[in-house]
Amino acid sequence: MKKRAEPIGAERSDADRTLVLSRVFDAPREAVFRAWIDPAQIARWIGPRSVKAEIVAMDARAGGVYRIAMHHEKGGVSTVEGVYREVAVPERLVFTWGWQDDSGKPGHETVVAITFKAIGEKTEMTLRHERFENKTRRDSHKQGWTGSFDKLAEILAGKPGRV
């Protein structure tokens, strides 16, 4: 009987397609979670500083949809959309994430899972974003999420920040 060969680099490609980021925020877990599902709050922090986010739709319940238009400083709009798969207040949030193409059709879909862990009065938030097409897309999202979390930390600390 022939032994089936495992694909070379399969483990590496999965790692290249997954992003995991953890951050401790100086705010209670409920406040950090709410910042993800309240349209007024998420519009203030999601995206790079050069982007002004517009929440087009946000129905934060399992099966509900969201759509966020990212207005770029130099013109143009990028729109991301998805479906909430799990909303467990204030512990866990899971949703799909896909950028629309230039014609407005959904592009490659990834999945974001976020856990919120209370550490006294602070919150450890862990984001797991997976199913990227490749390492380049993963790395560009790492930059985007990191910048967004910097803005979120400022807002949760009561600083107006440059949003």
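None of these values were measured; they are calculated from a predicted model. The analysis underlying the following values was restricted to heavy atoms, covering all of them including side chains, and did not include hydrogens, waters or symmetry mates.
- Taking a 4.5 Å side-chain heavy-atom cut-off between Ile, Leu, Val, Met, Phe, Trp and Tyr, the cluster of Val83 extends to Val65.
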Margin query: Please evaluate residues Tyr84 and Leu93 with respect to the criterion side chain to side chain contact (heavy atoms under 4.5 Å, CB included), reporting the C-alpha separation (whole Å), side-chain torsions for both, the decisive distance (0.1 Å), and the verdict.
Written below: CA-CA 8 Å; Tyr84 290 98; Leu93 189 59; 4.0 Å; yes
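- Thr146 places no side-chain N or O within donor-acceptor distance of the main-chain N or O of Gln143, the cut-off being under 3.5 Å.
- If you take CD1 on Ile46 and CD1 on Ile68, they are separated by 4.0 Å, rounding to the nearest 0.5 Å.
- Ring planes of Tyr66 and Trp97: tilted class, angle from 30 to 60°.
- Relative orientation of the Trp145 and Trp36 rings is tilted, given thresholds of 30° and 60° on the angle between their planes.
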Margin query: side chain to side chain contact (heavy atoms under 4.5 Å, CB included), that's the test. Do Arg61 and Ile37 meet it? Break it down for me.
Written below: CA-CA 9 Å; Arg61 62 179 174 82; Ile37 62 170; over 6 Å; no
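- Rounding to the nearest 0.5 Å places CD of Glu91 at 10.5 Å from CZ of Phe116.
- For the residue pair Glu30 and Pro90, the shortest heavy atom distance occurs at OE2-CG, 3.9 Å.
- The other residues sharing a hydrophobic cluster with Val111 are Val94, where clustering joins ILVMFWY side chains under 4.5 Å apart.
- Looking at Arg131, His129, Arg17 one by one, the single match for side-chain hydrogen bond (donor to acceptor under 3.5 Å, both in side chains) with Thr110 turns out to be His129.
- Shortest non-hydrogen contact noted between Ser22 and Thr126 is OG-OG1, 2.9 Å.
- The CG atom of Asp101 sits 11.5 Å away from the OG atom of Ser78 when rounded to the nearest 0.5 Å.
- For the residue pair Ala35 and Leu152, the shortest heavy atom distance occurs at CB-CD1, 3.7 Å.
- Among the candidates Val89, Thr123, Ile114, the single residue satisfying the side chain to side chain contact (heavy atoms under 4.5 Å, CB included) test with Phe33 is Val89.
- Across all non-hydrogen atoms, the minimal contact from Arg138 to Thr18 is CD-O, 3.1 Å.
- Looking only at side-chain heavy atoms (C-beta outward), Lys142 and Leu127 stay at 4.5 Å or farther from each other.
- Expressed to the nearest 0.5 Å, how far CZ of Phe25 lies from CD of Glu154 amounts to 11.0 Å.
- Here the CG-CE distance, from Asp38 to Met58, works out to 8.5 Å after rounding to the nearest 0.5 Å.
- Looking at every heavy atom in both residues, Met70 comes nearest to Val51 through CB-CG1, 3.5 Å.
- Contact record, Gly47 with Ser148: N-OG, 2.7 Å, taken as the closest heavy-atom pair.
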Checklist line | Pair Arg44-Lys151, side chain to side chain contact (heavy atoms under 4.5 Å, CB included): steps then yes or no | finding: CA-CA 8 Å; Arg44 293 182 60 210; Lys151 289 168 44 179; over 6 Å; no
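- The distance from atom OG1 of Thr115 to atom CZ of Arg29, rounded to the nearest 0.5 Å, is 10.0 Å.
- Under the salt bridge (charged side-chain N to carboxylate O under 4.0 Å, His left out) criterion, Glu86 pairs with Arg92, not counting sequence neighbours.
- Side-chain contact between Val56 and Glu81 is absent, with no heavy-atom pair separated by less than 4.5 Å.
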